[in-house]
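These notes concern the structure reproduced below.
Reminder, nothing fancy here: chain letters follow the sequence lines and each chain counts from 1.
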2 protein chains.
Amino acid sequence: MSRVFNFSAGPATLPVEVLEKAQKDLVDYKGTGMSVMEMSHRSSDYMAIFDAAIASLRKLMAVPDNYEVMFMHGGASSQFAMVPLNLFSKSKKADYIHTGEWSKKAIAEAKRYGKVNVVASSEDKTFSYIPKVTKDMFDPEADYVHITTNNTIYGTTFPSLPEVGNVPLVADMSSNILAQVYDVSKFGLIYAGAQKNIGPAGVAIVIVRKDLIGKAMDITPTMFNYKTHADNGSMFNTPPTYAIYIAGLVFDWLLERGGVAAMQKINEEKAGWLYDFLDNSSLFKATVEPASRSTMNVPFVTGSDELDATFIKEASAKGLKTLKGHRTVGGMRASIYNAMPQEGVKSLVAFMKEFELRNK
Amino acid sequence: MSRVFNFSAGPATLPVEVLEKAQKDLVDYKGTGMSVMEMSHRSSDYMAIFDAAIASLRKLMAVPDNYEVMFMHGGASSQFAMVPLNLFSKSKKADYIHTGEWSKKAIAEAKRYGKVNVVASSEDKTFSYIPKVTKDMFDPEADYVHITTNNTIYGTTFPSLPEVGNVPLVADMSSNILAQVYDVSKFGLIYAGAQKNIGPAGVAIVIVRKDLIGKAMDITPTMFNYKTHADNGSMFNTPPTYAIYIAGLVFDWLLERGGVAAMQKINEEKAGWLYDFLDNSSLFKATVEPASRSTMNVPFVTGSDELDATFIKEASAKGLKTLKGHRTVGGMRASIYNAMPQEGVKSLVAFMKEFELRNK
């Protein structure tokens with residue numbers, strides 16, 4: 001089979017141009033006589049790859065100089081503990097906005113190390129919207145406020161950032177980092193697992209304001225202390241070298257295409273095609289209220305479990321893969337990250353139209 | 001340049017047959033229309049890869065049924081904290097044998113969570129030997145005894161396992177796992193970073209006796225609790241999927257070659273060529289006492305820093321790469337893991353002979 005359109009929520013589709021580059025250099029990277037996988041992380045060849053990846057990411061997100069940019073092991077799930085262990089430095093209180101499965105896990109972990117106040121939640125409607133918050137709802141003494149900018153499972157995105165005053169805003173940006181423009185200076189800390197918009201699973205990115213580093217709780221394992229990684233340029237131990245290399249290739253691919261602002265425009269266009277169709281369909285409907293809709297993850301249903309199952313099966317046979325929705329929402333979900341070609345979304349919409357005609 | 005011989009201590013050389021397989025399938029894995037990097041970790045295609053990797057590892061090490069085999073994030077360095085956090089369940093005391101830089105880090109981390117007794121150390125002679133220990137030196141009430149089976153930096157290996165009675169023996173096996181036969185039932189827990197004898201950096205292996213799971217200290221982050229990963233088949237969060245895939249290819253490669261016992265024989269032969277030459281050389285000498293020598297990492301010196309530097313430079317020009325020794329030992333180090341072809345060691349010895357003749 002030739003390349004399919006893979007709508008997986010993560011690990012997710014990568015740019016074919018990146019994969020082809022990686023394939024070409026897999027056994028012998030640019031005449032070094034070895035694979036990137038085989039290079040000492042401290043070799044000059046690898047350090048060039050690593051430094052370029054950090055520089056590209058800084059450029060893509062216009063990261064100010066007073067922020068560290070680090071590659072980490074352990075995915076976003078490790079950050080659920082690292083954030084409280086490192087940031088509970090004064091009041092040991094934090095405000096969380098609860099918008100889905102991932103914020104639930106983040107909240108549960110933070111509660112183990114301090115006091116968590118759930119400022120707002122959309123659990124009442126299966127997380128199908130982003131709750132409205134105002135500045136007075138936040139505790140000015142909290143050590144931080146935590147949000148999940150994009151909710152992969154439910155297909156919601158914060159339409160705007162909450163106003164939190166001087167309290168550091170912490171964001172799990174796993175599923176929309178590099179897909180829409182954010183002003184990094186509005187955040188105390190941003191983290192993201194790589195396997196949606198960045199590269200292969202097994203590496204996470206942490207962007208943290210430098211003044212927040214170095215205040216970890218005493219019980220913090222050395223590998224969970226941001227200071228360990230900041231002091232050692234993400235090389236306290238061997239980093240996931242190959243995953244970082246692929247991430248660097250993705251960063252270059254984004255830069256060649258005009259960066260995050262250009263991708264945001266394309267992402268809005270791609271998601272627009274799907275939502276426009278869904279809002280006018282007699283068979284399919286979107287599950288998220290319009291103001292909170294994600295450009296990354298688009299859940300939809302027919303209303304019939306049987307028809308949903310038929311749709312997923314027939315779509316798969318046409319090379320439109322991994323469209324099954326998360327069990328908590330049911331139906332379908334199309335994850336259309338940066339690397340999903342416009343052609344993929346067009347093919348999906350065309351197939352949905354055709355399926356609708358046959359199943360009216 | 002064609003493929004070089006890469007003597008890096010880690011990340012290290014991989015079997016070229018594995019790299020070629022990975023290259024062939026990188027953009028489209030066996031007709032699935034996607035890269036392994038892009039597969040949902042819960043898809044049937046990926047689960048088949050994952051399950052086969054676990055099964056192969058179990059077979060290679062003849063892991064008994066009462067042991068969990070897990071893939072983890074975070075490298076061996078995370079295990080330095082995970083071991084005490086999970087195993088300090090009764091006396092909160094542990095015995096450590098101190099044989100190098102890595103045991104030093106392991107000891108420092110364990111001290112943060114309980115009482116560490118350093119039973120024996122070879123620090124007095126720059127870790128150039130494995131200290132002798134007897135059963136009476138160990139505390140029968142300790143929660144565990146920790147050793148580093150092979151010391152990458154200093155080039156030593158435990159000639160035999162210490163007798164520790166009923167106390168669980170914990171081993172950092174990062175640099176000789178799958179390179180020599182061990183009886184897993186002698187251990188409470190084995191851990192290893194992948195980037196030496198297994199695959200790409202970014203994944204670690206933990207093999208742990210099931211009765212030791214589920215007793216973690218309250219402060220343990222969820223991601224650092226073995227129970228989290230045991231209960232979820234290493235998929236509590238997205239595992240480093242591509243690194244595990246490559247590890248699986250390496251396991252297959254080992255099985256095709258007769259498994260660990262066959263590799264051990266080849267490794268002894270390869271190391272033998274080097275040590276035989278070193279013991280008879282008028283210019284080079286090995287730094288480790290004969291009884292403690294590693295078949296994986298062979299440090300050696302000329303006695304002259306200038307000559308060492310010349311050797312490294314000339315060797316590199318001949319495609320014998322990454323031979324510089326660790327700064328604490330100086331000189332040279334040849335890491336000759338499973339994937340280093342016999343031809344690589346022969347070429348190194350031949351060049352050393354030639355260099356010796358020119359520099360008598």
Residue B/Ala243 versus chain A: region with a heavy atom under 4.5 Å: neither

Please look at B/Phe80 and chain A and tell me whether the side chain, the backbone, both or neither of the residue comes under 4.5 angstrom of a heavy atom of that chain. neither

Around B/Lys104, counting heavy atoms of other residues, nucleotides and ligands shown, do more than 12 lie under 6.0 Å from its NZ? no

Heavy-atom side-chain proximity of A/Leu320 to A/Phe7 below 4.5 angstrom: yes

Sequence neighbours left out, what passes side-chain hydrogen bond (donor to acceptor under 3.5 Å, both in side chains) with B/Asn6? Give chain and number order. B/Thr322

Using a 4.5 angstrom heavy-atom cutoff, name the option from A/Ser40, A/Ser43, A/Pro239 with the most pairs to chain B. A/Ser40

Under 4.5 Å to a heavy atom of chain A? For B/Ile244 that would be neither

If we count only N and O atoms by modelled type, under 3.5 Å, do the side chains of B/Ser174 and B/Asp172 hold a donor and an acceptor together? yes

Heavy atoms only, distances under 4.5 angstrom: which of A/Met72, A/Gln195, A/Lys30 has the most pairs with chain B? Name it, please. A/Gln195

Within the distance-only criterion (no hydrogens, no angle test), does the side chain of B/Ser316 pair as donor or acceptor with the backbone N or O of B/Lys313 below 3.5 angstrom? no

Within a reach of under 6.0 Å around NZ of B/Lys92, are more than 12 heavy atoms found that belong to other residues, nucleotides or ligands? yes

Report the option among B/Ala339, B/Gly74, B/Pro200 that has the most heavy-atom pairs separated by less than 4.5 Å from atoms of chain A. B/Gly74

Residue of the set B/Phe50, B/Phe251, B/Tyr46, B/Tyr29 for which ring-ring contact (aromatic ring centres under 6.0 Å, His included) holds with B/Tyr245: B/Tyr29

Given side chains that start at C-beta, do those of B/Ile205 and B/Tyr191 come closer than 4.5 Å, heavy atoms only? no

Is it the side chain or the backbone of A/Gln23 that comes within 4.5 Å of chain B heavy atoms, both, or neither? both

Name the region of A/Ala201, side chain, backbone, both or neither, that has any atom closer than 4.5 Å to a heavy atom of chain B. both

Let me know if B/Met39 has heavy atoms under 4.5 Å from chain A in its side chain, its backbone, both or neither. backbone

Out of B/Arg42, B/Met82, B/Met34, B/Lys324, which one racks up the most heavy-atom pairs below 4.5 Å with chain A? B/Met34

For chain A, which of B/Leu85, B/Thr238, B/Val203, B/Thr241 has the most heavy-atom pairs under 4.5 Å? B/Thr238

Go through the atoms of A/Pro221 and report whether side chain, backbone, both or neither lie under 4.5 Å from a heavy atom of chain B. both

Show the atom names and distances, to 0.1 Å, of all donor-acceptor pairs under 3.5 Å that link a side chain in residues 14-21 of chain A to residues at least two apart or in another chain.
from	atom 1	to	atom 2	distance (Å)
A/Glu17	OE1	A/Trp253	NE1	3.1

Does NZ or CZ of B/Lys105 fall inside the cone over A/Phe236's six-membered ring, less than 6.0 Å from its centre and within 45° of the axis? yes

Among B/Gly202, B/Ala12, B/Gly75, which residue forms the greatest number of heavy-atom pairs with chain A at distances under 4.5 Å? B/Ala12

Residue A/Phe5 versus chain B: region with a heavy atom under 4.5 Å: neither

With distance as the sole test, does B/Asn297 use its side chain to make a donor-acceptor pair with the main-chain N or O of B/Ala9 at under 3.5 Å? no

Which residue out of B/Ala194, B/Gly199, B/Ala81, B/Ser78 racks up the most heavy-atom pairs below 4.5 Å with chain A? B/Ser78

Partner chain A: residue of B/Gly193, B/Pro11, B/Ala108, B/Pro240 with the largest heavy-atom pair count (under 4.5 Å): B/Pro11

So, the part of B/Lys24 with a heavy atom under 4.5 Å from chain A: the answer is backbone

Between A/Val27, A/Ile246, A/Ile219, which shows the greatest number of heavy-atom pairs under 4.5 Å with chain B? A/Val27

